[in-house]
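Take a look at the structure set out below.
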Amino acid sequence: MGITMLQPSPQSSHYVTDWLERRAALTPNRIALQDTLIGRDLTYSAWNAVTNQTAHFLSDLGVRKGDRVAVYATNRTEYLEVWHACGKLGAILQNVNWRLALPEVDHLLKDASPTVILYSGEFAAQIETLRPTLTTVREYVAFDPPYHRTLPFEKRLSFPTTAPDRPSLTLDDTWVICYTGGTTGLPKGALLTHGNMTWNSVNTVTSWGLDANDVGIISTPLFHTGALNVFTLPLIHVGGKSILCQRFDSNQIFDLIETGGVTVFFGVPTMFLALQQHPRWESADFSRLKIVISGGAPCPMPIFERFWAKGVDFKTGYGLTEAGPNTFWLPPEDVRRKPGAVGRPLIHVDVRVVRSDGSDCAADEPGELIIRGAHVTPGYWNNPTATAEAIREGWLHTGDLAKCDSEGYYTIVGRLKEMIISGGENIYPAEVESVLFAHPAIAAAALIGIPDPTWGEVGRAIVVLEVGRTLTVDELVQFLRERLAGYKVPKSIRFVNELPQTGAGKVDKQLLAHLYGG
């Protein structure tokens, strides 16, 4: 097995800190984690101590520097222990997307070849099915009973709470293999090094203004880079507090915002839509939150407007597994002045918007966003071809379309592969979807391109209606014609019960094209 890497960087000789050991030494009695699953708080000292036990336990199982340790589980504090235990040992966390079908999980586990798999009780049956094919796995560890042909994770509590001996580590050593969402094929394992994750945290803390008084909610799944890196690791950096939820639940989020002292909240658009459709939305008070930010997919403008009507500086961020993910910041005073913009690049990040020939686009001209910085992945696990395609001359080619205005503010337009070219005109799905979403009868919508003998390609809207609402094709077309140029109006519309989603909570455009593209 091998890792495709770029040339060693100057940061490779730098010291790699033990995050929890150092933070526990600085602020041992501050609350680091609030575990909503079992109703307990962990100080940094207590969290570090039990994570040291986890590291000793994994070491006793033979885990060494560079070994992959897979976690197949929903959110729980033990998951976070394993992540930081890997950091202490120089091992590599593989955070498995439990929303994938079992054959997909099998593929990813074989790709990363972990030596140890830890799993939660709800996936015990899947583990039994996978066992015969996972030849590299030496030990299976269960977080929950029954412990059938497996070790109990509780065994870690018999090990020392002191820090384990650490191998020689550099910032170029991999800490996490985080598989991409896979909307354009099989997921690829993006390597997130100690340096990548450290610099993402530095960029976030210095550019977003986090401090020790901040409290964030972890409600996105821990197999997603957003759960690890948007606020969790940066909050450890500054000594803040994270509230861990097993999964996203609108009612629980409203409770935590009301009584949990939450100051920062990250989610994907589907989560914010669920909040706005909840009965508690009208009375909810977001005034104590200093950052409410959406990421992971384009966010329709009506979601922004509903937050703004409540006085909340709701904004969209931008990132991808391969870069941080935090890349931009939009100051509060620009949120309404630059609606939908992601802002300007963070302090240690370079970005460009380029044409297909690599030249820079003019102001407001859409092109591919490319990114450079120490937060950018060195490549993909066991995939030199994908690495060479994505990283060229030190720049990560994101495949995302963006534009930069004359003031230097960036806006994400959509995916390069999703752009529809109809009669020589470019149609950006995110723009059309935002207008579709503005119709009061529409709960969700997506635009795909389909072949057309006259125009080459035209748009087809896939629409989910609000419960109890009706809408005809003619009514929707008329609504769109009043708000969009004629060539942007979808040439056909399909009403469906739901839109399929990827494991990262994005609309699965690949599956939509397969289902409705004919």
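With sequence neighbours excluded, the residues that form a ring pair (Phe, Tyr, Trp, His ring centres under 6.0 Å) with Trp308 are Phe304. Contacts of Arg355 classified as salt bridge (Lys or Arg N to Asp or Glu O under 4.0 Å), with partners at least two apart in sequence or in another chain: Glu365. Taking the side-chain hydrogen bond (donor to acceptor under 3.5 Å, both in side chains) definition, one finds that Arg76 meets it with Glu78, Asp144, sequence neighbours left out. Listed by chain and number, the residues in a ring pair (Phe, Tyr, Trp, His ring centres under 6.0 Å) with Tyr409 amount to none (sequence neighbours excluded). Judged as a salt bridge (Lys or Arg N to Asp or Glu O under 4.0 Å), and not counting sequence neighbours, the contacts of Arg352 are Asp360.
Annotation: Phe231 is in aromatic contact with Trp208 [ring centroid separation under 6.0 Å]. With ring centers used as reference points, Phe143 lies 6.0 Å or more from Phe123. Taking the six-membered ring for Trp and the full ring otherwise, Phe286 and Phe314 have centroids separated by 6.0 Å or more.
Within 6.0 Å of CD in Glu482 there are more than 12 heavy atoms belonging to other residues, nucleotides or ligands. Atom NE2 of His514 has 12 or fewer neighbouring heavy atoms from other residues, nucleotides or ligands inside a 6.0 Å radius.
Atom CZ of residue Arg280 and atom CG of residue Asp255 lie 4.5 Å apart, to the nearest 0.5 angstrom. Note that NZ of Lys110 and OG1 of Thr135 are 8.0 Å apart. Values are rounded to the nearest 0.5 Å. Annotation: the span from Ser113 atom OG to Trp381 atom CH2 amounts to 7.0 Å, rounded to 0.5 Å.
Shown here for Ala70 and Val96, the closest heavy-atom pair between the two residues is CB-CG2, 4.2 Å. For the pair Val435 and Phe479, the tightest heavy-atom approach, listed with the atom from each and the gap, is O-CE2, 3.4 Å. Residues Ala323 and Ile371 come closest through the heavy atom pair CB-CD1, 4.2 Å. Contact between Phe437 and Ala443 at its shortest, heavy atoms only, is CE1-O, 3.2 Å. Nearest heavy-atom pair, Ile92 versus Gly66, reported as atom, atom and distance to 0.1 Å: CD1-O, 3.6 Å. Here the closest non-hydrogen pair linking Gln276 and Pro302 is OE1-O, 4.4 Å.
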After noting the C-alpha distance and the side-chain angles of Tyr179 and Ile177, does the key distance pass the side chain to side chain contact (heavy atoms under 4.5 Å, CB included) rule?
CA-CA 6 Å; Tyr179 281 82; Ile177 300 177; 3.5 Å; yes

Please determine whether ring pair (Phe, Tyr, Trp, His ring centres under 6.0 Å) holds for the pair Phe272 and Phe307, giving the CA-CA distance in whole Å, both sets of side-chain angles, and the decisive distance to 0.1 Å.
CA-CA 9 Å; Phe272 290 109; Phe307 269 106; 5.6 Å; yes

Report the C-alpha separation of Met197 and Val176 in whole Å, then their side-chain angles, then the decisive distance to 0.1 Å, and conclude whether the side chain to side chain contact (heavy atoms under 4.5 Å, CB included) test is met.
CA-CA 9 Å; Met197 299 179 83; Val176 178; 3.9 Å; yes

Assess whether side chain to side chain contact (heavy atoms under 4.5 Å, CB included) is satisfied between Ile303 and Ser294, documenting all intermediate values.
CA-CA 10 Å; Ile303 292 180; Ser294 175; over 6 Å; no

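Using modelled atom types, one finds no donor on one side chain facing an acceptor on the other under 3.5 Å when comparing Ser207 with Asn203. Checked by atom type, the side-chain pair Ser359/Asp357 shows a donor-acceptor distance below 3.5 Å.
Judged by distance alone, the side chain of Thr232 and the main-chain N or O of Asn229 form no donor-acceptor pair under 3.5 Å.
Taking the side chain as every heavy atom from C-beta outward, Lys338 and Asp405 approach each other to under 4.5 Å.
Residue pairs meeting the side chain to side chain donor-acceptor pair (under 3.5 Å) criterion with at least one member in residues 121-131, sequence neighbours excluded, are Thr74-Glu122, Ser120-Glu122, Glu128-Arg131, Glu128-Arg149.
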